[in-house]
Amino acid sequence: MARRPRAPAASGEEFSFVSPLVKYLLFFFNMLFWVISMVMVAVGVYARLMKHAEAALACLAVDPAILLIVVGVLMFLLTFCGCIGSLRENICLLQTFSLCLTAVFLLQLAAGILGFVFSDKARGKVSEIINNAIVHYRDDLDLQNLIDFGQKKEKFFSTDTVIISANTFDHFHLPAKPETSLKKIIAEYVKQNICTTVIPTSTVFSCCGGISYKDWSQNMYFNCSEDNPSRERCSVPYSCCLPTPDQAVINTMCGQGMQAFDYLEASKVIYTNGCIDKLVNWIHSNLFLLGGVALGLAIPQLVGILLSQILVNQIKDQIKLQLYNQQHRADPWY
């Protein structure tokens, strides 16, 4: 009986279900975040060593340096599994990477949903954090700079061209004699019919305190009690003050004694609205921006999960092919 010719063994061994594109794309994807995780750990350790931990722990539930270190270490371990798993085609490491990444994604999704559903409790927690930050305003320079940046008004200007006609100024009841009025100056602009103006286009939070400017009484230096010996008694930080045009030197004492005034009088010098309402309004007006940020965080996680699962399935198919070849290699009719 004639024997069936044996197929070349090399043909089955050369073929592979594992795509090099998927394998190395997942490897470099994890390598990028692996490097980022090491940078996060380095920054966290540096901040921990250079700053006094007591100051940060006093006003925040978690020390930001510790939080950065913990997140960096977890990201390092997770991306390490992805890097080695993809490079060595290890199913166990790839499954660990995929499951952990899925858990992180689901936790973020759950946190977003809970924050939306329980918005009142989230607002209360934010109020608590802001009040604690106010109490420890003078204890931490970085915290002080952060609060000042959030409270003060930062203007970003752009130029715009405005068309002016002679009839535009008829609505302003100016004196009849142009020599004694602003019409002489206006006439020069009307001759050109155009003028270039500077228009503020956007601002950062313009607020003071948590709910109102009187929240600063919680700070021992700004407290309004009679037995407070501080020179800043009943005052507010300079970042609460209204901006002064063409101010060359910042007046850090502009908020002196402002808590003793009522809202109407204080509003002439400082911002009286709290930062919590400003923050809520900013969130409501920038939902698309926040959604884009959330999507930007979710896409890399979904890509990592997808690539790891594709590579796992390809490795399983390759293992089946190798087992099939081993089982039939001794078959004389194969």
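Just so it is clear, the model here is predicted, and its values are computed rather than measured. Along the sequence shown, the residues carry numbers beginning at 1.
A salt bridge does not link Arg233 to Asp227: none of the charged nitrogens lies less than 4.0 Å from a carboxylate oxygen.
The CH2 atom of Trp34 sits 11.5 Å away from the CG atom of Leu77 when rounded to the nearest 0.5 Å. Remark: Tyr213 OH to Gln151 CD distance equals 14.0 Å, nearest 0.5 Å. Between Cys83 atom SG and Phe33 atom CZ the span is 11.0 Å, to the nearest 0.5 Å. Atom-to-atom distance recorded for Ile319:CD1 and Ile91:CD1 is 4.0 Å, nearest 0.5 angstrom. In this structure, Arg48 CZ and Ile66 CD1 are separated by 4.0 Å, a value rounded to the nearest 0.5 Å. Rounded to the nearest 0.5 Å, atoms CG (Asp148) and OH (Tyr137) are 3.0 Å apart.
A donor-acceptor contact shorter than 3.5 Å links the side chain of Asn223 to the backbone of Ser217. In this structure, the side chain of Gln259 engages the main chain of Phe222 through a donor-acceptor pair within 3.5 Å. Panel note: side chain Asp317, backbone Phe17; no donor-acceptor pair is recorded below 3.5 Å. Glu89 contributes no side-chain N or O that, together with a main-chain N or O of Ile315, makes up a donor-acceptor pair within less than 3.5 Å.
Taking all atoms of both residues into account, the shortest heavy-atom contact from Ser127 to Ile276 is OG-CD1, 2.9 Å. Across all non-hydrogen atoms, the minimal contact from Leu26 to Leu311 is CD2-CD2, 3.9 Å. Across every non-hydrogen atom of Ser86 and Gly82, the tightest pair is OG-O, 2.8 Å. The two residues Tyr271 and Pro243 come nearest to each other via the heavy atoms OH-CD, 3.1 Å. Met75 approaches Ile36 most closely through the heavy-atom pair SD-CG2, 4.5 Å. Shortest non-hydrogen contact noted between Val41 and Gly72 is CG2-C, 3.5 Å.
Side chain to side chain, Asn228 and Ser230 fail the donor-acceptor criterion of an N or O pair below 3.5 Å.
Hydrophobic cluster membership is shared by Val312 and Ile305, with clusters built from Ile, Leu, Val, Met, Phe, Trp and Tyr side chains linked at under 4.5 angstrom. The cluster map of Ile, Leu, Val, Met, Phe, Trp and Tyr, joined by side-chain heavy atoms under 4.5 Å apart, puts Val126 and Leu287 in the same cluster. The same ILVMFWY cluster, assembled from side-chain heavy atoms under 4.5 Å apart, contains both Val71 and Val39. Linking Ile, Leu, Val, Met, Phe, Trp and Tyr residues whenever their side-chain heavy atoms come within less than 4.5 Å leaves Met258 and Met253 in two separate clusters. Residues Leu306 and Leu78 fall within the same hydrophobic cluster, defined by Ile, Leu, Val, Met, Phe, Trp and Tyr side chains chained together at heavy-atom separations under 4.5 Å.
Atom CZ of Phe118 sits in a sparse spot, with 12 or fewer heavy atoms from other residues, nucleotides or ligands closer than 6.0 Å. Atom CD1 of Ile250 is surrounded by 12 or fewer heavy atoms from other residues, nucleotides or ligands within 6.0 Å. Around CD1 of Ile84, the count of heavy atoms belonging to other residues, nucleotides or ligands within 6.0 Å exceeds 12. Taking a 6.0 Å sphere around CE of Met220, one finds it holds 12 or fewer heavy atoms contributed by other residues, nucleotides or ligands.
Shown here are the disulfide (SG to SG under 2.5 Å) partners of Cys240, two or more places apart in sequence or in another chain: Cys208.
Using a 4.5 Å heavy-atom threshold, the side chains of Arg123 and Asp277 count as touching. Contact of the Ser235 side chain with the Tyr221 side chain is not registered, since no non-hydrogen atoms from C-beta on lie closer than 4.5 Å. Counting heavy atoms from C-beta outward, Leu290 and Trp282 have side chains that approach closer than 4.5 Å.
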field: Criterion side chain to side chain contact (heavy atoms under 4.5 Å, CB included) on Glu232 and Trp216, from CA distance to verdict
entry: CA-CA 11 Å; Glu232 296 178 311; Trp216 281 102; over 6 Å; no

- request: Check the pair Cys241, Asn251 against side chain to side chain contact (heavy atoms under 4.5 Å, CB included), reporting the backbone distance first and the verdict last.
  value: CA-CA 9 Å; Cys241 297; Asn251 180 15; over 6 Å; no

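Relative orientation of the Phe28 and Tyr24 rings is tilted, given thresholds of 30° and 60° on the angle between their planes.
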All N/O donor-acceptor pairs, side-chain side in residues 93-109, below 3.5 Å, sequence neighbours left out:
from, atom 1, to, atom 2, distance (Å)
Thr96, OG1, Cys92, O, 2.9
Ser98, OG, Gln309, NE2, 2.7
Thr102, OG1, Ser98, O, 2.7
Gln108, OE1, Gln301, NE2, 2.9

